[in-house]
**Q** 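My questions will all concern the structure given below.
For reference, positions follow the sequence shown, starting with 1.
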Amino acid sequence: MGRDEIIESYQGYIACLNRQGWQDLHLYVADQVQYNGVSIGLDGYANMLVADFRAIPDLHFNIAGLVCDPPMIASRLAFDCTPVGYLFGMAVNGKRVRFDENVFYEFQDRKIQNVWSVIDKTSIAAQI
C-alpha cells in the first residue's frame, strides 16, 4: 500500500470506530492483530474497543496529528470525554477529562497488523 492508500484506510478505520461499526472492523484490522506486542486477534481487539466505549459512552477518536511512512502510520489521537467509572485504574466517575494517545500502526496485506499505543495517563491523573 502506498502512503495515500494507508491514510485513506486509516481514516476509514477511525470512522468505523466512531460509529461503533464492529461488523466492519475486519475490513481494517487483520485477523491476527497484535496490540503492544501481544497477539490478541480481531475478536480480542474488538472486545477491547467495545469495553472502551462501555467505560466511556461519549468516546470519540479525533485525529490530532498524522505521519505516514509506509507500511507504518503514526497518529496522535485527542480525547475529550466523560468516563463513567474507572479509566486505566483511576476513579474518574463521570468527570470530564482530556488526554492524548500516541499510537503507531503497521499495515500488512492492506490491514492493520500491529498496534503500539501509549496513553497519557499522567494527564488524566492530574485532572481528577
**Q** Find out if a path of hydrophobic residues (ILVMFWY) with successive side-chain heavy-atom gaps under 4.5 Å connects M90 to M48.
**A** yes

**Q** Are there over 12 heavy-atom neighbours, none belonging to E8, within less than 6.0 Å of that residue's CD?
**A** no

**Q** Quick one: closest heavy-atom pair of P83 and V97, and the distance?
**A** CD-CG2, 3.8 Å

**Q** Grab the two heavy atoms, one from V84 and one from R54, that are nearest each other, plus how far apart they are.
**A** CG2-O, 3.9 Å

**Q** Distance check, rounded to the nearest 0.5 Å: Q11 atom CD versus I63 atom CD1?
**A** 5.5 Å

**Q** First locate atom OH of Y35, then atom CG of N114, and finally report the distance between them rounded to the nearest 0.5 Å.
**A** 12.5 Å

**Q** Please lay out, stage by stage, how F61 and V103 fare under the test side-chain contact (heavy atoms from CB on, under 4.5 Å).
**A** CA-CA 12 Å; F61 292 76; V103 61; over 6 Å; no

**Q** About how many Å separate CD of E101 and OG of S117, when rounded to the nearest 0.5 Å?
**A** 3.5 Å

**Q** Evaluate the criterion side-chain contact (heavy atoms from CB on, under 4.5 Å) for residue pair V92 and I56; output intermediate values, then yes/no.
**A** CA-CA 10 Å; V92 180; I56 312 168; over 6 Å; no

**Q** I'd like to check V29 versus K111 (side-chain heavy atoms, cut-off strictly below 4.5 Å). Are they in contact?
**A** no

**Q** Taking the side chain as everything from C-beta on, heavy atoms only, tell me whether L87 gets closer than 4.5 Å to I128.
**A** no

**Q** Nearest heavy-atom pair of D120 and F99: which atoms, and what distance?
**A** O-CB, 4.0 Å

**Q** If you take all heavy atoms of S75 and L66, which pair is closest and at what distance?
**A** CB-CD1, 3.9 Å

**Q** If you take all heavy atoms of T82 and G94, which pair is closest and at what distance?
**A** CG2-O, 2.9 Å

**Q** What distance separates I6 CD1 from R110 CZ, expressed to the nearest 0.5 Å?
**A** 9.0 Å

**Q** Run the ring pair (Phe, Tyr, Trp, His ring centres under 6.0 Å) test against Y28 and tell me which residues pass, sequence neighbours left out.
**A** none

**Q** Would you find a donor on one side and an acceptor on the other, under 3.5 Å apart, between the side chain of Q113 and the backbone of Q32?
**A** yes

**Q** Could you tell me if the side chain of L77 sits less than 4.5 Å from the side chain of I14, heavy atoms only?
**A** yes

**Q** So does C81 get a backbone contact from the side chain of D58, meaning a donor-acceptor N/O pair under 3.5 Å?
**A** no

**Q** To the nearest 0.5 Å, how far apart are CD1 in I73 and OH in Y105?
**A** 8.5 Å

**Q** May I ask whether V118 and L49 are part of the same hydrophobic cluster, defined by side-chain heavy atoms of I, L, V, M, F, W, Y residues being less than 4.5 angstrom apart, directly or through others?
**A** no

**Q** At what distance, to the nearest 0.5 angstrom, does CG of L17 lie from CG of D52?
**A** 9.5 Å

**Q** Give the C-alpha distance, both sets of side-chain angles, the deciding distance and a yes or no for side chain to side chain donor-acceptor pair (under 3.5 Å) between S123 and Q127.
**A** CA-CA 7 Å; S123 174; Q127 296 172 65; 3.2 Å; yes

**Q** If you group Ile, Leu, Val, Met, Phe, Trp and Tyr by side-chain heavy-atom gaps below 4.5 Å, do V38 and I112 land in one group?
**A** yes

**Q** Does any part of the side chain of F79, heavy atoms only, come nearer than 4.5 Å to the side chain of I119, both counted from C-beta?
**A** no

**Q** Can you tell me if OH on Y86 sees more than 12 non-hydrogen neighbours from other groups inside 6.0 Å?
**A** no

**Q** Taking all non-hydrogen atoms of both residues into account, name the closest pair between N36 and W116 and its distance.
**A** OD1-CA, 3.1 Å

**Q** Quick check: is M1 connected to F104 through a chain of hydrophobic side chains (ILVMFWY, heavy atoms under 4.5 Å apart)?
**A** no

**Q** Would you indicate whether F53, at its atom CZ, is surrounded by more than 12 heavy atoms from other residues, nucleotides or ligands within a distance under 6.0 Å?
**A** yes

